[in-house]
K.L.:
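This is the structure I have questions about; it appears just below.
Note that these values count all heavy atoms, side chains included, but never hydrogens, waters or copies made by symmetry.
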Amino acid sequence: MAISSTRRQRIIEFSTPKVADLVVVEIKDASRHLKSADSADNTAYGTAHPDTTNFPNFKLGLIKNADDEQGQFQLWYYVKDRGEGSQDDSQDDYNWEFQAAGVGNSRYDSVVRTYVIARSDYNEADPVINSAMPITSSDPFELADSYVLFEKKQVRSGDETLDSLYVVEQRVYVKKVPIRRVDLDETFDEPLRSKETIFYKGETPQKTFVFGETDVTKPVNSSKTTAQTFALGAEATSTYDVPNPDLVAPFFGTSIVAINSNKFGVLCEGRQISDNWYAVAERELIKTDANNIVDTYITYQNFSWPPVLSGIVVDRWTRRDGGADPVEYPIYKRGAYSGPTRVEVKIYWKDTPWTIGTSADGSDTELALIKPMHPEPILFQSPIASVSVPPTLHERFRIVASTGTSHPIYTYKGTTWTYEKTNYADWPPDLVIQDSQRPFRGGFLREKIKAFIPEVGD
């Protein structure tokens, strides 16, 4: 049926799930008053609907031909205004899409809210990144979920009735929670905790000093905390002593946190993930006791123990023609031993290197001054006697030799040889044979090996 040139046809369409969000389509006769180019309708996009009583806040968004043959009739699309203070607030009732964190998905629970905004009202700075997500009674989210704005992007709607006046913005909100994990230490078989936290570029990052059900964190430039006590949720109350991270150690890098009788080497690293966000990854590198000891165990390794001299025996052989010839020979307290020896291996770790001390045993705070057993030979020679003892441990010795008054060849002559005590007169009950350190996991790993005196059986 032909459409009267004096009559306006009206069609109602729904552009969103919100019933009141309408698109009014008017069919108009474009040729009715068109006698010249000057008399053509020049109504601009954005002009209000002429019926402001029944269609308030509706604006002209699109005009196109209603028929392809004559071009006499036009479709005029009026859309409900989404300008500031009109429609934008109510879009939160239906504009969300939820995605749970999971395998193959985002690491964080996220909500994408899509807004249709008037181009003239668009403000890139509003809302600001890291601001809280709006919550309405129409969606399943709660304020306690703590969703924050992570990123925004603008796209064309794909709807020709909207594109001339409006822009579509997608706002991605994420639940900003630490991502945690526990790894097994492949070297020392200890569970070590780690977490990654995202921070907005304007936020003050927090450094973790206690990993637990409730973490204990401190911001950058915070003052020193000494022996403060914190309740860690379901865990036992822990007392710890930490240095000022700004004055003593940098925020990023390795530091030691003491918790009760244990110490943890904690490495803090940062990386930028976008123009607005960066991630702080914190992980325990190693776990020690209060003395920085990681592990202690007993094993066997080959080690050489030198012989120990007990004394030198002198026998005199009398000559028929007068006088006597002395014969000296050594007596050993212990023979040399080289073979499996029981040792104690003690592993330490801390974030700064150890210095070498003055003690042969070392300590938890200093490397041992290694003093190996140093055997020395006993050699003397005279016309009447000579002794050659290979290197041994021994006490201080004095050897006296004399020709006497009746020697058939030599006139009277006497002499004395003195041999000082070696650094060990006997095998010590135990001996530190190695105390070394090397860089390891942002700090220094120390290995101290103590050998125990061999128990030689029958």
Side-chain angles (χ1 to χ4, degrees), residues 185 187-188 190 209 224 226-227 239-245 247-250 253-267 284-306 308 334 337-338 340-376 391-396 420-455:
D185 187 338
T187 303
F188 300 106
E190 286 281 353
F209 289 107
K224 182 177 180 181
T226 302
T239 300
Y240 75 102
D241 183 10
V242 299
N244 180 337
L247 298 179
V248 178
T254 305
S255 60
I256 283 186
V257 179
I259 308 173
N260 289 340
S261 60
N262 293 327
K263 292 183 180 180
F264 296 87
V266 178
L267 176 63
E284 294 172 335
L285 298 172
I286 201 163
K287 178 181 178 182
T288 76
D289 66 10
N291 295 317
N292 298 312
I293 298 175
V294 179
D295 197 9
T296 302
Y297 59 92
I298 299 295
T299 186
Y300 281 84
Q301 73 176 47
N302 289 334
F303 187 68
S304 296
W305 300 78
V308 179
R334 304 179 195 274
Y337 172 79
S338 182
T341 300
R342 185 170 64 97
V343 297
E344 175 193 73
V345 181
K346 190 172 289 188
I347 307 296
Y348 297 79
W349 184 93
K350 65 187 181 80
D351 58 344
T352 57
W354 279 266
T355 57
I356 299 176
T358 58
S359 169
D361 291 330
S363 68
D364 295 331
T365 59
E366 291 183 326
L367 295 176
L369 181 62
I370 300 297
K371 296 181 179 179
M373 293 177 288
H374 185 201
E376 294 182 359
T392 63
L393 301 180
H394 54 76
E395 297 285 356
R396 186 174 186 269
E420 298 296 334
K421 175 184 173 182
T422 53
N423 65 339
Y424 294 89
D426 196 357
W427 294 349
D430 54 71
L431 179 68
V432 175
I433 60 175
Q434 177 182 316
D435 201 353
S436 60
Q437 61 180 329
R438 61 183 174 88
F440 185 80
R441 295 183 185 175
F444 292 85
L445 191 70
R446 172 187 175 190
E447 184 179 49
K448 179 181 177 182
I449 301 178
K450 179 186 290 186
F452 297 97
I453 187 172
E455 298 181 2

K.L.:
Please test Thr288 against Lys350 for side chain to side chain contact (heavy atoms under 4.5 Å, CB included), starting from the C-alpha separation and ending with a verdict.
P.N.:
CA-CA 8 Å; Thr288 76; Lys350 65 187 181 80; over 6 Å; no

K.L.:
So, does Arg441 use its side chain to make a donor-acceptor pair with the main chain of Glu284 at under 3.5 Å?
P.N.:
no

K.L.:
Quick one: does Thr299's side chain get under 4.5 Å of Val343's, heavy atoms only?
P.N.:
yes

K.L.:
Rounded to the nearest 0.5 Å, what's the gap from CG on Asn302 to OG1 on Thr341? Could you check?
P.N.:
7.0 Å

K.L.:
Do Asn292 and Ile256 have side chains that approach each other closer than 4.5 Å (heavy atoms only, starting at C-beta)?
P.N.:
yes

K.L.:
Once you round to the nearest 0.5 Å, how far does CH2 of Trp349 lie from CG of Leu285?
P.N.:
5.5 Å

K.L.:
Distance check, rounded to the nearest 0.5 Å: Phe188 atom CZ versus Ile347 atom CD1?
P.N.:
5.5 Å

K.L.:
State the CG-NZ distance between Asn291 and Lys346, to the nearest 0.5 angstrom.
P.N.:
8.5 Å

K.L.:
Looking at Ile356, I'd like to know if its CD1 atom is crowded, meaning that more than 12 non-hydrogen atoms belonging to other residues, nucleotides or ligands lie closer than 6.0 Å.
P.N.:
no

K.L.:
Side-chain contact, heavy-atom cut-off 4.5 Å: Gln437 with Pro353?
P.N.:
yes

K.L.:
Under 4.5 Å between any side-chain heavy atoms of Ser304 and Tyr337, yes or no?
P.N.:
no

K.L.:
Could you point out which residue of Leu431, Val432, Asp435, Ile433 forms a side chain to side chain contact (heavy atoms under 4.5 Å, CB included) with Ile449?
P.N.:
Ile433

K.L.:
Main chain of Asp364, side chain of Trp354: is a donor-acceptor contact present, judged purely on distance under 3.5 Å?
P.N.:
yes

K.L.:
Closer than 3.5 angstrom, by distance alone: can the side chain of Tyr424 be matched with the main-chain N or O of Lys371 as a donor-acceptor pair?
P.N.:
yes

K.L.:
Heavy atoms only: give me the nearest Arg446-Ala368 pair and the separation to one decimal.
P.N.:
NH2-N, 4.3 Å

K.L.:
How long is the gap from CZ on Phe264 to CD1 on Ile286, to the nearest 0.5 Å?
P.N.:
11.5 Å

K.L.:
Please check if the side chain of Thr422 supplies one atom and the backbone of His394 the other of a donor-acceptor pair under 3.5 Å.
P.N.:
yes

K.L.:
Specify the closest pair of heavy atoms between Met373 and Pro428, including all atoms of both residues, with the distance to one decimal.
P.N.:
SD-CD, 3.7 Å

K.L.:
Going from OG on Ser338 to CZ on Phe303, what distance comes out if it is rounded to the nearest 0.5 angstrom?
P.N.:
9.0 Å

K.L.:
Give the minimum heavy-atom separation between Glu447 and Tyr297, together with the two atoms involved.
P.N.:
OE2-OH, 4.5 Å

K.L.:
Once you measure the plane-to-plane angle for Trp305 and Trp427, does it fall in the parallel (<30°), tilted (30-60°) or perpendicular (>60°) bin?
P.N.:
tilted

